Amino acid sequence: LDLLDRLLAEEAAEVAALPIDLETLGREFPALARSPLFRHLASGAEARARALDEILSAPADERRARIEGFLAREVARTTMVPEADLDPAAPLTRYGLDSLMALELRNRVGAGLDVELSTLSLLAGPSMEDLAARIEEALSTRAVLSSVTAPDDDGSAETGREVLTL
């Protein structure tokens with residue numbers, strides 16, 4: 001939705017939004033990797049990777065609180081509700097979460113924590129506490145799931161790709 005807001009403010013006749021593997025792109029096109037735009041895009045991807053690393057490297061008794069903090073930031077960005085006004089025990093739907101926001105939140109959390117959330121499960125009204133508990137449980141079983149392969153869009157399996165569905 002952030003992209004849509006920016007595009008509506010522009011006068012571009014044609015635009016495209018597509019997923020990009022920044023690591024591969026930078027490796028294949030070193031000149032592009034040195035550009036300010038690429039560095040800006042890559043810094044966002046690095047920040048998301050750092051969030052997961054910080055959670056996984058935290059002591060076990062602190063992980064849930066860190067996940068809740070991550071969720072609070074993403075819920076605030078998605079719903080435009082100030083983070084200080086969010087109640088971790090309240091259902092997400094209390095903050096006006098609709099289907100488009102649920103999709104955006106699902107994508108943000110998925111990108112940041114490398115988990116797959118169901119849009120419908122978000123619309124069912126879990127609290128951030130509920131989601132944090134489910135995500136913590138899923139992340140704690142990551143080592144067990146590391147040998148699971150997930151099919152790509154074309155039906156082939158990609159070795160080593162983990163899929164955690166909540």
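On a predicted model such as this, the values are computed, not experimentally measured, just so you know.
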Indicate yes or no for a side-chain donor-acceptor contact from Asp53 to the backbone of Arg50 under 3.5 Å, with no hydrogens or angles considered.
no
Report yes if the side chains of Leu103 and Leu122 come closer than 4.5 Å at any heavy-atom pair, otherwise no.
no
side-chain contact (heavy atoms from CB on, under 4.5 Å) for Ile67 and Leu131? Distances and angles first, verdict last.
CA-CA 9 Å; Ile67 294 169; Leu131 278 177; over 6 Å; no
Closest non-hydrogen atoms of Pro82 and Ala76, given as atom of the first, atom of the second and distance, are C-CB, 4.4 Å
To the nearest 0.5 Å, what is the distance between CG on Leu86 and CD on Glu68?
11.5 Å
A side-chain contact here means heavy atoms from C-beta on lying under 4.5 Å apart; do Leu105 and Leu92 qualify?
yes
Nearest non-hydrogen partners of Ser118 and Arg106, listed with the distance:
C-CD, 4.5 Å
At their closest point, which heavy atom of Val109 faces which heavy atom of Phe70, and how far apart are they?
CA-CE2, 4.0 Å
List the residues meeting side chain to side chain donor-acceptor pair (under 3.5 Å) with Thr24, not counting sequence neighbours, and say none if there are none.
Asp21, Arg27
In terms of side-chain geometry, is the basic nitrogen of Glu137 or Arg134 positioned less than 4.0 Å from the acidic oxygen of its partner?
no
Can you hop from Leu123 to Met128 via hydrophobic side chains spaced under 4.5 Å?
no
Output every pair passing side chain to side chain donor-acceptor pair (under 3.5 Å) with a member in residues 83-93, not counting sequence neighbours, ordered by first then second residue.
none
Would you call Glu104-Arg108 a salt bridge at under 4.0 Å N-O?
yes
Taken in chain and number order and not counting sequence neighbours, the residues that satisfy side chain to side chain donor-acceptor pair (under 3.5 Å) with Glu54 are none
Distance in Å, Thr78 OG1 paired with Leu97 CG, rounded so as to fall on 0.5 Å steps:
8.0 Å
Val81 side chain reached by Val75 side chain, heavy atoms, under 4.5 Å
no
Heavy-atom pair of closest approach, residues Pro126 and Ser121:
CD-O, 3.1 Å
Return yes if some donor-acceptor pair links the side-chain N/O of Arg66 with the main-chain N/O of Ala58 below 3.5 Å, else return no.
no
CG/Asn107 to CD/Glu116 distance, rounded to the nearest 0.5 angstrom?
10.5 Å
Does any non-hydrogen side-chain atom of Ile135 lie less than 4.5 Å from one of Leu71?
yes
Minimum-distance pair of heavy atoms, taken over all atoms of Gly125 and Pro91:
O-CB, 3.2 Å
